[in-house]
Structure formats: C-alpha cells, structure tokens
Amino acid sequence: MGTLRVDWVHPFPHTPYTAEFKAYYAQFEQFLRERVDSVRIDAEGKYPPEVIAELKRMGAFGLKIPKKYGGCGFTQAEYGEICALLAAWDGSLAALVSAHNSIGVPQPVYLFGTEEQKQEFLTRCAAGAISAFALTEPDVGSDPARLATTATRQADGSYRITGEKLWITNGTIAELMVVMARDAETNKISAFVVEMDSPGIEVVYRCRFMGLKALENGQIRFTDVAVPAKNRIGADGQGLKIALVTLNTGRLSLPEACLGGTRRLLGISRRYSNTRVQWGQPVGKHEAISHKLSDLATVTFAMESWANLANELSMREGYDIRLEAATAKEWASTRGWTAVDETMQIRGGRGYETEASLAGRGEVPEPVERILRDSRINRIFEGSSEIMHLFMAREMVDVHLQVSGALLDPKATPADKLKVLPKVAAFYAAWYPKLWFGLFTPFRYGEFGKLAPHLRYAERAARRLARSVFHGMVRYQAKLERKQAFLFRTVDIAMELAVLVATVSRADKLRKSGDESAVVLADVHARNARRLVEQRFHELWANDDDARTALGRAVLAGEHLGLEDAGIVAPAVAPAAEA
Ligand SMILES: Cc1cc2nc3c(=O)[nH]c(=O)nc-3n(C[C@H](O)[C@H](O)[C@H](O)COP(=O)(O)OP(=O)(O)OC[C@H]3O[C@@H](n4cnc5c(N)ncnc54)[C@H](O)[C@@H]3O)c2cc1C
C-alpha cells in the first residue's frame, strides 16, 4: 500500500547454524563428491540404489522432521542450505529429496496432522520412507480447485479413492503419498496419506523429461483404494487449503535449488573466462563477457539475500510467508534460468557440449548443459511463473477490492454503489494524498552509507507503485483482473524492490562485520534493479498490450495459419490435442 518497511528486514536477520548442522553439511558434501556420479545418474536415468540407501542412512528424508520423531530437526534455513548443495551437484537428487521433505508427507502432516499421525508417519519418513505429493491430474494443472479424483466416504468412516494423478515426483517409488481428492457428495476436497502398497494403486506410466532424467515421476491410477479415516489430514474439506499452504512453504526450497545452481555457474563462468583466450586476452576481459560475470555475481548475492530472508521470516511463529515465498520462487527461478543461459553463452561451444563428451576429449567436464536441462522446469512446477504473478497481483489489489469492490462490481445496482460511496471516499481521501507527498528526507537511511540512495529510491518507488495500481484500478475497473500484462508489471516492480531492499540490508550487515565487497555487489545489483523498475513503470502506460491481445486472439482463431507452414510434412495432430 505504498509504505516501505525497511525495519522489517533490517538489521538483516540470521539465526546461526548449529555445530551439529555444520558437521552434517560437511558430511553431506563429502558424500556427494565421493559417492554420487551425476553424469551416470543423468545418462542412465535412474537413482543408484546405493545412493538412495546412503541418503536414508544419513536421515535425508527427515531433514526438517523434529528430533522427537527421529528426524534431523534442522531449521528451514539449514534445510535450505542442504537443498542448495544438492542442487549444485545433482538436480535429480535435489528433486527427490526436496519433493519428499518440502511437499511430501512430512510437511502437511507436520503442519496439520494429529499427534498420532505425526508419531506414525513422521517417524516412518525420518527412517527413510519416501513420499510424494499428488495434486495435479491430466485435466487439472494450474487450477487445482477443479480436481476430479474422488474420495467416497464409507459407512465405517473410511474412504475409497478413485482417480488419476499426473507427473507425481517420487510417485513411482514412494511408500506414502499425500493425495488430494474430492468427496463426490459434498464436493469438498480433503487430503489423505495413502499407503502406496494398497490394492487398487497402479503406476500407469513413468514420465521422462528434458532434464531431471532420474526423476521417479509418473502417472498414478487409484481404483477404489481403501483409506482409513485416521489417514485424513486435517478436517473434512480442508484439503485444498492444506495443499496450498504446503506449497507455500515448499516454495522456499526451490529458490535454494536455483541458488545452488547459480553459485556453481558463477564458478564455472569465472574459471573459463580467465583461461579461455581469444583475440589476445582472456574472454572475461572483453566487456560483453565481463558484464555477464558482473550479473552472475550480483544475481547470486541477491538470490542468496532473498532466500535467506524468506527462510528466516518463515521461522517466525505465525508469520504469513505466502508473498515472500512466491517472490522467492518466481524471482529465483527466472533469474536462475537467465544465469544458466548466460553461462552457456560464456562457455560458447563447450557450454553446449555434454559432460561426457568434454571428458572424452580430455577437457574439464563442466555440467552447464545438464544444469540447463535440469533447471528449465523451475519456472513451471510448484506454481508456474504466470500463476505466481497472478497470485501476487491479487494480493496487491486485494485491499482495493475489499474497500471498493461494490463500486467495481458490474452486477452491483446504483443503490448498492451509492451505499458504499462514503466509505470508499473516506478511505481514499486519507490514503491517496500520502502517496504523493513523501517526507523530504535527503539524508534518510544515512547509516547505509553508499547504499542509502537505493533505499530512498525504493521508498519513492513503493509509493509510485501503489499510485499506479490505484490508477490502473480506476482506469480498468472490473476489467483490471483480466489486464494481466499490467498486473504482471506491477508484480515485477514489487519483487525487484523487495529483493533490492533485502540485498542492501544484508550488504549493510556484512559491511559492518568488515566485508566491504558486499557493498559493491549490492550497489551494482540495485543499479540494475532500478533500471528494470523504471522500464516496467514506463511500460505500464506505454505499451502494445491491446494490439498483442488482439493478435494473440487472432492466432488462436487460426487467422495466421500460413505462418505455420514450415515446409515439412508435420505429423497428423488429433483434433482433441489441437482444441
Ligand atoms: C517434472 C515435473 C514434476 C512435477 N511434480 C509434481 C508433483 O510432485 N506433484 C504434483 O501434484 N504436480 C507435479 N507437477 C505438475 C506441475 O505442478 C504442473 O505442471 C504445474 O502446476 C502447471 O500445470 P500444467 O502443466 O497442467 O499447466 P497448465 O495449467 O495447463 O498451464 C499451461 C500454461 O498456461 C499458463 N496459465 C494457466 N492458467 C493461467 C492463467 N489464469 N493466466 C495466465 N496463464 C495461465 C501456465 O502458467 C502455463 O504456462 C510436476 C510437473 C512436472 C513437469
């Protein structure tokens, strides 16, 4: 609503890691280095049994589970470090461990389960029972509220589950699965822990992907599967909420995976840029490549700052982490993708060459090609980029809808509108003028030294953003919710400002502990972020949105079919697939 809360991230919070965690981390790193052959895992498309056995022995399926249930009891921040480490080494293994710990049985049972359920399921998971989370179906992806799998209540209170789930990570090897299903009579969705050896469960298909080659992911069919009443998590009808809350916290581990990958890419890029000589000097000294190195360094620092902050905030009792987690997921997955694309560019042909081929020629087998394949999915699963933008945009306009919803509602009668008018007028008369007149404080945030102007900018930009959202609402009224290009730009601005403030606050903390280099990273990051923010502000009102929407609709209607003629005979497409 236009107020920048620097106090909310400053001083930058950090809960020190325990000595026990540090020892575990070192042991985990050694295990990856000495026992995990990622080239083989990628080539064979399967997890070696001895690697899974060792992960179980190390307690990797109970990383966040409290010690009283046999888990490691690590904090969200400590768990995040393990996710980053795993992803830097092997994307497939990172997905196995994080799908289980972040969204599989441990998370919803810990958040919503009864003590008996915790005793039973958390203990089993901590001992190595692999689990999965099943929400998606063949016809239901981004809009899970429409899911069709049914849970029919029996006379004895138990349930029978029937339906099909698609793309379930760990689904082909899981011992336990959280399944969201709808009561056919009440239409309410509930969440269940399902034993995967129950009669009626069938792995219909093992899915294969562009990357994450070893992912044990599949299409799972449930036919009249008996589930005892005690396996329902939370209250009847709470299933969608449980799924969405689980995904909220789950979204904190994906940015850690992006961070792990980006850290590794920075090292790969730096080494190659120093040693590869073209036109008489290392390629890193050519300005175009040095800018890429600068961007990789600043994005790593900023990604780390936001991931650390989001983890810390999530550890505060009762903190609503939805927006920070969505920002973390969206910002890190988008920037992580740019980072891998630019690293591939820096390494030229060697970036595109596989590790095995590089090694075969006697060159350093850097995994850029594999990381690129493994990381593209980050912008799709656990909430696609578009859905993350929509979710954050809704949060941003929510207050306006609450205050003036009746005015914008096309179905509201003139009498309804007249009734709410005084309340709406009073709210905006008090709120709106403040967005124009910030205090004249040229020395504000002076304690941040060289970084202070960036915070002053963020403060002004936050007010401008609130004004812009309001102006958008006045201009588009009820149509605003369909103006995705406008809304997505406002979300981009909000994310950039949030990450900028976290980055500056963390750099300030590091500077005070003697690390001046952090100030340079934060300064260059903030300059880039401000340029992007200005561009987005400009595009809010100067754009081709209507023309592009019209053309997109025309393409959809088949008006430009001639463009699709690639000069080859395309395989026949079934009408249903084209609809
Ligand atoms: C490797 C992999 C692992 C997965 N693991 C799991 C898992 O463990 N458990 C599970 O339940 N699911 C899992 N999924 C499913 C994943 O979460 C979905 O793919 C994701 O939710 C998107 O759904 P969809 O692919 O059906 O896309 P769709 O919903 O069909 O969307 C297609 C495109 O349209 C966009 N779009 C949709 N709605 C809108 C809108 N209103 N406005 C603008 N754009 C929109 C989307 O962003 C996307 O770009 C996995 C998928 C993959 C590929």
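One-based numbering, in listed order, for ligands and for the atoms of each. Quick note: numbers below take in every heavy atom, side chains included, and nothing from hydrogens, waters or symmetry partners. Everything quoted here is computed from the prediction, not taken from an experiment.
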### Task
For the pair D42 and R373, evaluate salt bridge (Lys or Arg N to Asp or Glu O under 4.0 Å) and give the outcome as yes or no after the intermediate values.
CA-CA 10 Å; D42 184 63; R373 282 187 286 109; 2.9 Å; yes

#### Entry: Pair listing, ring-ring contact (aromatic ring centres under 6.0 Å, His included) test, anchored in residues 479-498, at least two apart
H389-F488, Y476-F486, F486-W541

Give me the nearest non-hydrogen protein atom to [atom] as residue plus atom name, then the distance to 0.1 Å.
{"atom": "atom 53 (C) of ligand 1", "result": "I377 CD1, 3.4 Å"}
{"atom": "atom 40 (C) of ligand 1", "result": "L390 CD1, 3.7 Å"}
{"atom": "atom 9 (N) of ligand 1", "result": "F133 O, 2.8 Å"}
{"atom": "atom 46 (C) of ligand 1", "result": "S384 OG, 3.7 Å"}
{"atom": "atom 4 (C) of ligand 1", "result": "W167 O, 3.1 Å"}
{"atom": "atom 10 (C) of ligand 1", "result": "T136 OG1, 3.3 Å"}
{"atom": "atom 2 (C) of ligand 1", "result": "F381 CD2, 3.7 Å"}
{"atom": "atom 48 (C) of ligand 1", "result": "E386 OE1, 4.2 Å"}

Heavy-atom neighbours of [X] [atom1] exceed 12 at 6.0 Å:
{"X": "R35", "atom1": "CZ", "result": "no"}
{"X": "H560", "atom1": "NE2", "result": "yes"}
{"X": "E481", "atom1": "CD", "result": "no"}
{"X": "E185", "atom1": "CD", "result": "no"}

So is there a nitrogen or oxygen of [X] less than 3.5 Å from a nitrogen or oxygen in ligand 1?
{"X": "F209", "result": "no"}
{"X": "L166", "result": "no"}
{"X": "D143", "result": "no"}

### Task
May I ask whether Q484 has any heavy atom positioned less than 4.0 angstrom from an atom of ligand 1?
yes

### Query
Non-hydrogen atoms of L212 versus ligand 1: any pair closer than 4.0 Å?
no

### Query
Of all the atoms in ligand 1, which lie at a distance below 4.0 Å from a heavy atom belonging to L215?
1 (C)

Closer than 4.0 Å: a protein non-hydrogen atom to [atom]:
{"atom": "atom 20 (C) of ligand 1", "answer": "yes"}
{"atom": "atom 44 (N) of ligand 1", "answer": "yes"}
{"atom": "atom 32 (C) of ligand 1", "answer": "no"}
{"atom": "atom 38 (N) of ligand 1", "answer": "yes"}

### Query
Looking only at atom types and distance, does a side-chain atom of K329 sit under 3.5 Å from a main-chain N or O of N378, one as donor and one as acceptor?
yes

### Query
Is there a side-chain contact between V555 and E559 (heavy atoms, below 4.5 Å)?
no

### Message
I'd like to check F133 versus L247 (side-chain heavy atoms, cut-off strictly below 4.5 Å). Are they in contact?
### Response
yes

### Query
Which heavy atom of M180 sits nearest a heavy atom of G239, and at what distance?
CG-O, 3.9 Å

### Query
Of the options K483, R489, K479, which is the one that meets D545 in a salt bridge (Lys or Arg N to Asp or Glu O under 4.0 Å)?
R489

